[in-house]
Protein chains: 2
Amino acid sequence: MAAKKKGKPKKTSLADIANSLGVSRTLVSMVLNGRGDENGINSDTQKRVLAKAKELNYKPNQLARGLRLGRTNTIGLIVADISNPFYATVARGIEDLAGQHGFRLMVCSSDEDSQKESELIQMFRDRQADGLIISTTQQNNDEIMALREDNYPFVLIDRHLEGLDINSVTVDNHLGATQAVDHLAQNGAKKIGLLKISPTHLSTMRDRVSGFLDATKTHMLASSPDLIQEIPFNRVKEGVYEALEYLLGDEVKADAIFAANNNLAAACLEYARENGLNIPQDIALLSFDDVRMFKFSYPTITAVAQPLQEIGRQAIKLLLDEILTKEPVVTKKQIVLPTDLVIRESCRIPEKSI
Amino acid sequence: MAAKKKGKPKKTSLADIANSLGVSRTLVSMVLNGRGDENGINSDTQKRVLAKAKELNYKPNQLARGLRLGRTNTIGLIVADISNPFYATVARGIEDLAGQHGFRLMVCSSDEDSQKESELIQMFRDRQADGLIISTTQQNNDEIMALREDNYPFVLIDRHLEGLDINSVTVDNHLGATQAVDHLAQNGAKKIGLLKISPTHLSTMRDRVSGFLDATKTHMLASSPDLIQEIPFNRVKEGVYEALEYLLGDEVKADAIFAANNNLAAACLEYARENGLNIPQDIALLSFDDVRMFKFSYPTITAVAQPLQEIGRQAIKLLLDEILTKEPVVTKKQIVLPTDLVIRESCRIPEKSI
DNA sequence: AATCCCTGCTTTATCGATTTAGTATCACAA
DNA sequence: TTGTGATACTAAATCGATAAAGCAGGGATT
């Protein structure tokens, strides 16, 4: 009655219920966990416990519970940037399925910063998350290896680490890029510039570039190192501006741009807008990774779509499999999902340039 | 040495360090928390502890710590949809400042579902989050009131509950809407249709609508209930299509659309795109809330910009203030930030319709 | 010699829930 | 009368970290 104004009113605990009912905490715990019958607790007592729990508005302290049980029914998701629709959609796929199995999802962004990624992994471990899903920066494999050493359940998404026995869900970036170039070539492109994000080691970028290179060779298109421009992750806009100035300039005169992710493509649109560049008349544009706005940008953008929700679903399935089986000796799986080329207006290169 | 293949290898605990060094856990705890000197621990012993901790790769179990301390250095953020750039940006503002003060941010989306919001609030409380920042659905005030009753630190953002002594950070929606209408009127609009999200009780929507109504009256523009169209949150696209069909149809013939949030505006763009509608020639479009894509959509969209990062920063400041002061008797603050009209191309209504 | 202080630790209790290993009571059989 | 077995429950240990209170031993003080 007293402490009503000051401090937190201290939530009711198991002990409160036990005391006010004159029974042991053990009994209360058993009843509230639905193990009353199983433990031969009088059904009348059970009712009293349940009633009291409701009356006192009892909510178990999850820290205490997690500490005792060694699990928290929480899984962590670490992505580069949750505000990127790509990750946001994947996250949704994960969350939905996780929720159905009684798991909570906690999402954090690493900002493509390996230091921050390490901290986040550590943070989740310190808080006893039961498992992790990570879109790794691929720069701090030590931390990832430690997870593996420790048999900590985790799944990599979007980017993978090659040749390692690790769970992962990715898309076929090589094939997706190949099809993108096929499409550009069919529309008359002869000289395609590629924009990629600069941390060179990202497997997605690597695979998209190799797909791009293979396909340009197949189609006998122009090929030179200049055509591949690297854009730093944290200054996409400026980087793309410079890259486009160069690619569109007299020195190169590219007739198509293949943007290796949605941010790069968006920056191209922005550039086009601000510099009176016409797509696809002046130059074609194709994006790897489709986002909603490409449907109503000017022009609409042809893009390699990824099965976002499916990536999430497969990842959480793998993870739950690992968390729920006692034996950690399961073999890891590498799941590769197909992409889908969504054709819109941005690649119709007009006759003159063919 | 043994259990290397099966089960988790059990992280090292304080006790492990204490035992292997032949000292008490208390001592180890004190040293590792930097309170060694203060407690008169021999500096040599301190070194040994620190060395051993590093050697064994000790990481404190945050559940245990939180349980004992009654705080977790975690704050929860509940928003309608984290993939909406509006919330994503606000979240970033919060996270940055929180991090500087040693707090972690955990973000969850309520999907504008009051049931889910309740569960999330409960979840955060169960996990002993030290405070909450909530963009409430405004449908389950009970839960919010309970927070207040319990002196649980929290701040509302974006939407507020009127007349209650609760911390909140919002923008001046009324004024923002008024300025939007002023701009449309100056550009010759005579009949402005308003698209709003349907849970009618959202304070943002209510204030924007009232600003809209006041301004249309001031400018003596057309005014009729038909001009205000409600779109259900979970079917924006379809809803906007129907609403636009109506507003643009012969019956109404609106000459401008004021979309009360970025999603509605985006859906308008999509509609325009798919139906060969020209903005602003056929109709003007103005959005409340500015997002990146409005800079390179076709056309670029005039919008009421909100100080996103600032909303986040102010909110976390208020919250930390409350968390860090022992006395919970602080008076609550209602902070209202100004909006900013960003003029682009989508409202230049051509002569003919003036 | 008794007292006090200082340095450097340790002991014990605690946070809240769960698990393990009981115990008390009664009925009924041998 | 002793034993068997349900039935209905409890005591104590545990998870890991921390806080409060206490103690041992040596030197200085009176």
Under the criterion side-chain hydrogen bond (donor to acceptor under 3.5 Å, both in side chains), I'd like the reasoning laid out for B:D96 against B:Q309: C-alpha separation, chi angles, the key distance, then a yes or no. CA-CA 10 Å; B:D96 289 350; B:Q309 295 248 348; 5.3 Å; no
Between [options], which nucleotide has the shortest distance from any of its atoms to the side chain of [X]?
| X | options | value |
| --- | --- | --- |
| A:T26 | C:dT20, D:dC9, C:dG16 | C:dT20 |
| A:R25 | C:dT19, C:dC15, D:dA12 | D:dA12 |
| B:N42 | C:dC9, C:dA13, D:dT14 | C:dC9 |
| B:S13 | C:dG8, C:dA17, D:dA17 | D:dA17 |
| B:R68 | C:dT19, D:dA19, C:dT10 | D:dA19 |

Roughly how many Å is it from [atom1] in [X] to [atom2] in [N], rounded to a whole number?
| X | N | atom1 | atom2 | result |
| --- | --- | --- | --- | --- |
| B:Q128 | D:dA17 | CD | C1' | 15 Å |
| A:L67 | C:dG16 | CG | P | 12 Å |
| A:L32 | C:dT19 | CG | P | 13 Å |
| A:D16 | C:dT14 | CG | P | 15 Å |
| B:L21 | C:dG8 | CG | P | 16 Å |
| A:M30 | D:dC9 | CE | C1' | 7 Å |
| B:R71 | D:dT18 | CZ | P | 9 Å |
| B:E38 | C:dC9 | CD | C1' | 15 Å |

The side-chain hydrogen bond (donor to acceptor under 3.5 Å, both in side chains) partners of A:T137 (sequence neighbours excluded) come to A:E117
Got a salt bridge between [X] and [Y], using NZ or NE/NH1/NH2 to carboxylate O under 4.0 Å?
| X | Y | answer |
| --- | --- | --- |
| A:E112 | A:R159 | yes |
| A:R104 | B:D126 | no |
| B:E55 | B:K52 | yes |
| A:K11 | B:D150 | no |

May I ask you to say what [X] touches in the nucleic acid, namely base, sugar-phosphate or nothing, with a heavy-atom cut-off under 4.0 Å?
| X | value |
| --- | --- |
| A:V28 | nothing |
| A:G22 | sugar-phosphate |
| B:L69 | sugar-phosphate |

The bend of the helix from C:dA1-D:dT30 to C:dA30-D:dT1, taken between the axes of its five terminal pairs at each end and rounded to 10°, is 90°
In numerical order, the residues of residues 44-61 of chain B whose heavy atoms come under 4.0 Å of DNA chain C are B:T45
Sequence neighbours excluded, which residues qualify as side chain to side chain contact (heavy atoms under 4.5 Å, CB included) partners of [X]?
| X | result |
| --- | --- |
| B:L50 | B:V31, B:L32 |
| B:N33 | B:S29, B:R35, B:R65 |
| A:A51 | none |

Are OP1 or OP2 of [N] and a side-chain N or O of [X] less than 4.0 angstrom apart?
| X | N | value |
| --- | --- | --- |
| B:N39 | C:dG8 | no |
| A:R35 | C:dT19 | yes |
| B:R65 | D:dT18 | yes |
| A:S24 | D:dT10 | yes |

### Task
Please lay out, stage by stage, how B:R148 and B:I166 fare under the test side chain to side chain contact (heavy atoms under 4.5 Å, CB included).
CA-CA 8 Å; B:R148 211 174 60 140; B:I166 286 182; 3.6 Å; yes
Of B:S43 and A:L14, the one whose closest nucleotide on DNA chain C sits nearer the 5' end is B:S43
- Checking side chain to side chain contact (heavy atoms under 4.5 Å, CB included) for the pair B:F124/B:I75: CA distance, chi angles, key distance, verdict? CA-CA 8 Å; B:F124 277 122; B:I75 64 182; over 6 Å; no
